[in-house]
Number of protein chains: 2
Amino acid sequence: MRKTIKDVAKASNVSIATVSLVLHNNERISLETKRRVRKSIKQLNYHPSRSAQGLVSRKTGNIGFIVTEEHFLRTEPFYTRVFLGSEFEARENDYYVLLATIKSSFKKGDPLPRFILEKNFDGIVIAGKVPEAFIESLLKYKMPIVFIDYVPPFGDFPSVLIDNLRGGILATEHLINKGYKNIAFIGGEISHPSIRERLQGYKLALERANIYNSNGNGLVVTNDEYLSRQNGYRSAEKLFLHNKDVTAIFASNNATAVGVIQYLKDNNFNIPNDISLIGFDDIEADMMIDPPLTTIRVPKVEMGTEAVQLLLNIIKTKNYTAKKILIPIELVVRESIKNINY
Amino acid sequence: MRKTIKDVAKASNVSIATVSLVLHNNERISLETKRRVRKSIKQLNYHPSRSAQGLVSRKTGNIGFIVTEEHFLRTEPFYTRVFLGSEFEARENDYYVLLATIKSSFKKGDPLPRFILEKNFDGIVIAGKVPEAFIESLLKYKMPIVFIDYVPPFGDFPSVLIDNLRGGILATEHLINKGYKNIAFIGGEISHPSIRERLQGYKLALERANIYNSNGNGLVVTNDEYLSRQNGYRSAEKLFLHNKDVTAIFASNNATAVGVIQYLKDNNFNIPNDISLIGFDDIEADMMIDPPLTTIRVPKVEMGTEAVQLLLNIIKTKNYTAKKILIPIELVVRESIKNINY
DNA sequence: TATTTTCAGTTAAACGTTTAACTAAAAAAA
DNA sequence: TTTTTTTAGTTAAACGTTTAACTGAAAATA
């Protein structure tokens with residue numbers, strides 16, 4: 001039979017209310033009693049029933065984690081890492097995470113994940129781009145929502161974002177410092193705000209360094225048609241068609257970078273001797289990537305934990321202001337860039 | 001304010017017990033009343049409180065899904081697909097899925113996932129190989145467990161498995177049918193039972209076809225040292241060191257196959273003109289795979305749904321017999337094999 | 001000293017369901 | 001007709017917590 005608060009109360013000679021108060025570390029209970037009760041809790045291996053707690057406190061102890069099926073199944077485990085961070089942080093705070101995927105084709109009227117319909121959650125984390133129709137259906141539930149790596153085009157929500165602008169600057173400046181001027185930008189899905197911000201950073205860094213070749217001469221190639229790797233390959237193709245003098249490339253994410261590398265290899269360019277390359281994301285070390293890629297690291301797990309912290313804070317304080325957290329990125333130097341100064 | 005069973009009862013002029021009985025489709029309630037109550041439920045958008053249900057019925061409505069961190073983060077979204085299937089099937093049956101990852105370094109005494117400690121689940125699905133110490137810690141909770149793609153070395157549990165033997169036979173026979181005799185087997189982690197079974201199938205098929213070169217002449221290369229892709233590369237290296245006359249390769253999973261392809265390309269073998277290749281798994285169509293790989297498809301999503309069905313069945317019937325389900329595999333013909341008959 | 005305040009708890013109601021036991025009315029059997 | 005059975009519900013207890021309101025004793029204040 002399951003141990004209940006009554007068993008603990010009996011074992012420590014107090015009322016069940018006292019046990020409950022000890023559980024919540026209420027200051028009205030003396031240290032001595034707390035010690036005694038806690039000892040019984042340990043001895044009996046007692047854990048409060050979520051159902052009973054939920055019933056009376058009107059909190060479920062669940063937070064929802066939502067991501068599109070496509071993102072969840074991506075070969076680079078980006079959002080899975082984010083999830084891992086969230087799950088960890090939730091666990092630390094006695095919460096469960098209910099993971100639900102939605103289709104990126106979600107439209108108005110489509111069924112929402114169960115736990116939402118049943119209002120069986122205290123807050124939601126949404127990772128990555130999701131359909132607007134989904135967010136709209138969600139809003140009527142009036143629950144705290146925190147976005148990760150995405151800002152919906154309407155409304156104003158708390159969110160955890162990558163400092164993409166800073167990343168774009170960092171990557172580009174690194175190439176400039178290594179002596180490059182003819183730096184190309186190859187972007188994946190330019191429709192994603194993150195990629196746009198990285199491009200912004202790229203432009204800004206060039207401007208700051210008084211390098212004015214970034215516009216109008218085809219050094220910036222973006223493409224929405226293909227999936228990331230293929231995109232990199234095709235974009236590189238397009239780039240070199242008209243630009244024989246490119247010496248360095250900033251690929252706006254690493255899946256794209258892999259495509260670029262493939263193109264360069266197929267066309268007998270050596271990295272970094274002929275072309276230097278910097279990526280963005282720091283996805284799994286991949287045997288296929290040769291040479292090891294210099295890149296901007298995005299701390300994925302941390303994004304997940306930050307989002308949950310933010311969410312739990314909103315739940316606790318009921319302060320719904322749309323706080324935004326910019327996660328700092330970091331340059332990781334490997335071997336895909338050659339110093340050509342002097 | 002949240003809608004409760006009382007609101008529904010009032011709206012349909014019955015007692016709350018009646019509403020509850022309607023909810024469970026009890027035959028004691030007339031069709032007429034059922035209709036009326038259901039209408040009110042719809043109108044009020046009523047959903048029963050999980051907490052209240054859980055409290056009285058001693059069921060949580062949760063099932064746990066456990067996978068090692070390493071498997072969860074693998075670049076091939078194998079177990080994530082399995083999870084998707086489980087989540088879908090659970091949702092269909094009004095269950096939530098609590099996903100928890102554990103370290104593959106889990107040892108006795110390490111903390112278990114929260115929902116287990118708190119007994120907040122009705123059953124557990126374990127996907128992929130997990131540490132034995134973990135299973136042992138789990139056993140004292142005496143909850144239904146279903147394994148996917150893994151059988152622990154002790155005990156006897158219900159499980160959903162890939163028909164690896166059949167798959168190994170199918171793959172090898174396909175190569176034989178296309179005219180090959182010098183067929184090599186390149187296996188990933190031979191320590192995994194699945195790989196061993198595929199190897200068994202390979203040997204069996206060769207025997208059946210009266211091809212007796214499979215033993216002792218280095219056509220079977222297995223290796224546990226590296227990760228899958230690298231493994232494929234190194235194994236191919238090893239294979240061709242002593243076997244110049246290999247004409248076809250059966251790679252025991254597709255990540256390994258990718259490594260093999262890389263080796264073949266680096267050494268100017270053409271696929272399928274010089275070497276034919278068959279894989280196993282049918283992971284994500286990958287632009288990097290050229291030519292498109294003929295392979296054995298493993299229905300991953302289906303494995304997830306089957307496991308949940310099996311689990312829910314055990315929960316409902318309380319029949320704990322260790323039923324095992326072998327998921328049929330399927331040959332997917334693409335372009336990595338050339339017919340060399342006549 | 002008498003009164004008030006603080007301390008360290010306890011009592012009891014409430015949360016929203018399920019379900020065994022009960023019941024009143026209608027139908028079937030005697 | 002009376003008695004029994006069936007139908008279609010209702011009543012009320014129970015599940016395991018939280019927490020506002022209460023209490024009795026000890027400490028502080030007047």
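Reminder, nothing fancy here: chain letters follow the sequence lines and each chain counts from 1.
Side-chain contact between B:Pro328 and B:Asp163 is absent, with no heavy-atom pair separated by less than 4.5 Å. Between A:Glu136 and A:Lys108, the closest side-chain pair of non-hydrogen atoms is not below 4.5 Å. Between B:Tyr79 and B:Asp149 there is a side-chain heavy-atom pair separated by less than 4.5 Å. The shortest side-chain heavy-atom distance between A:Tyr46 and A:Asp7 does not fall under the 4.5 Å cut-off. A:Phe72 places a side-chain heavy atom less than 4.5 Å from the side chain of B:Leu84. At least one side-chain heavy atom of A:Pro131 sits under 4.5 Å from a side-chain heavy atom of A:Ile102.
Taking the nucleotide of DNA chain D with the nearest heavy atom to each of A:Ala52 and B:Val14, the more 5' of the two is matched to B:Val14.
Per the geometry, NZ belonging to B:Lys6 stands 13 Å off P belonging to D:dT11, to the nearest Å. If you take CD1 of A:Ile5 and P of C:dG9, they are 15 Å apart, rounded to a whole angstrom. The distance from atom CG of A:Leu55 to atom P of D:dG16 is 12 Å, rounded to the nearest whole Å. Between the C1' atom of C:dA14 and the CZ atom of A:Arg58 lies a distance of 9 Å, rounded to the nearest Å. What separates CZ of B:Arg50 from P of C:dT17 is a distance of 12 Å, to the nearest Å. The distance between atom NZ of B:Lys59 and atom P of D:dG16, rounded to the nearest whole Å, is 14 Å. Here C:dG16 presents its C1' atom at 15 Å from CG of B:Leu44, a figure rounded to the nearest Å.
For residues 98-122 of chain B, the ring pair (Phe, Tyr, Trp, His ring centres under 6.0 Å) pairs, not counting sequence neighbours, are B:Phe106-B:Phe134, B:Phe115-B:Phe121.
The main-chain N or O of A:Ala322 is found under 3.5 Å from a side-chain atom of A:Lys324 such that the two form a donor-acceptor pair. Using a distance-only test at 3.5 Å, with no hydrogens or angles considered, no donor-acceptor pair links the side chain of B:Ser159 to the main chain of B:Leu161.
Note on B:Arg2: nothing from the nucleic acid sits closer than 4.0 angstrom, heavy atoms only.
Listed by residue number, A:Ser15, A:Ala17, A:Thr18, A:Leu21, A:Arg28, A:Ile29, A:Ser30, A:Thr33 are the residues of residues 15-39 of chain A with a heavy-atom contact under 4.0 Å to DNA chain C.
At D:dT18, one or more side-chain N or O atoms of A:Gln53 fall inside 4.0 Å of OP1 or OP2 (strictly under the cut-off).
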Go ahead and write out DNA chain C as dot-bracket, 5' to 3': ( ) for pairs within the strand, [ ] for ones crossing earlier pairs, | when the partner sits on another strand, dots for unpaired; Watson-Crick or G-U wobble, both distances under 3.5 Å. ||||||||||||||||||||||||||||||

